[in-house]
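Reading through the structure tokens given below for one structure.
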Amino acid sequence: MVRDYIDDMDRCLAAADLVIGRAGASSLSEIQAAGKASILIPSPYVAENHQYHNAMALVNRGAAEIIEQKDLTAEVLTEKVDALMADKEKLLSLGENAKKMAILNANEKIAEIILSLVD
């Protein structure tokens with residue numbers, strides 16, 4: 001289902017088979033933590049094209065697909081969505097690889113660094 005605005009992102013992300021979105025750090029962290037397959041469309045309007053580099057970190061590990069905005073058309077997106085939805089093994093693999101990249105203990109790591117500096 002396509003929705004204009006999502007105010008219950010946690011529920012939608014949990015229910016999604018495939019996520020289509022930008023490649024900001026917070027979005028990617030949520031996709032990875034949820035172990036979801038994704039098609040990332042990095043915003044070209046950010047400093048130093050960092051969303052592209054964020055997306056490629058997943059793409060290079062088999063954890064996401066990418067469409068650059070300059071290449072984005074309805075046909076290109078439809079083809080990629082249809083191909084992924086028809087290939088359940090690929091969809092599962094993308095999600096599993098994304099989950100492997102998730103950092104779920106960031107709070108602990110930050111606390112360890114802070115405590116090491118105090119000593």
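- Between the CD atom in E68 and the NZ atom in K70 there is a gap of 4.5 Å [rounded to 0.5 Å].
- In this structure, CG in L94 is found 12.5 Å from CG in D17, a value given to the nearest 0.5 Å.
- Within the model, atoms CG of L18 and CD1 of I20 stand 5.0 Å from one another, a figure rounded to the nearest 0.5 Å.
- Put simply, the side chain of Q69 never gets that close to the backbone of S43: no donor and acceptor are under 3.5 Å apart.
- At distances below 3.5 Å, at least one donor-acceptor pair connects side-chain atoms of N54 with backbone N or O atoms of A23.
- Taking a 4.5 Å side-chain heavy-atom cut-off between Ile, Leu, Val, Met, Phe, Trp and Tyr, the cluster of I113 extends to L117.
- Taking each heavy atom of L40 and A64 in turn, the nearest pair found is CD1-CB, 3.7 Å.
- The side-chain contact (heavy atoms from CB on, under 4.5 Å) search around K109 returns I103, N105, not counting sequence neighbours.
- Taking 4.5 Å as the limit, every side-chain heavy atom of Y52 sits out of range of all side-chain heavy atoms of V46.
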Let me check something: any side-chain donor-acceptor pairs from residues 25-39 under 3.5 Å, sequence neighbours excluded? List them with distances.
{"unit_1": "S29", "atom_1": "OG", "unit_2": "A25", "atom_2": "O", "d": "3.0"}
{"unit_1": "K36", "atom_1": "NZ", "unit_2": "A14", "atom_2": "O", "d": "3.0"}
{"unit_1": "K36", "atom_1": "NZ", "unit_2": "A16", "atom_2": "O", "d": "2.8"}

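- One distance of note links CD1 of I66 with CE of M56; it measures 5.5 Å at 0.5 Å rounding.
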Donor-acceptor pairs under 3.5 Å, side chain of residues 74-85 to any protein atom, not counting sequence neighbours: which ones?
{"unit_1": "E75", "atom_1": "OE1", "unit_2": "T73", "atom_2": "OG1", "d": "3.4"}
{"unit_1": "T78", "atom_1": "OG1", "unit_2": "A74", "atom_2": "O", "d": "2.7"}
{"unit_1": "K80", "atom_1": "NZ", "unit_2": "E65", "atom_2": "OE1", "d": "3.1"}

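- The hydrophobic cluster containing V19 also contains L58, counting ILVMFWY residues as joined when their side-chain heavy atoms lie under 4.5 angstrom apart, directly or transitively.
- Checking side-chain atoms of N97 against main-chain N and O of S93 turns up a donor-acceptor pair under 3.5 Å.
- Grouping Ile, Leu, Val, Met, Phe, Trp and Tyr by side-chain contacts under 4.5 Å, direct or through others, leaves Y45 on its own.
- The salt bridge (Lys or Arg N to Asp or Glu O under 4.0 Å) search around D8 returns R3, R11, not counting sequence neighbours.
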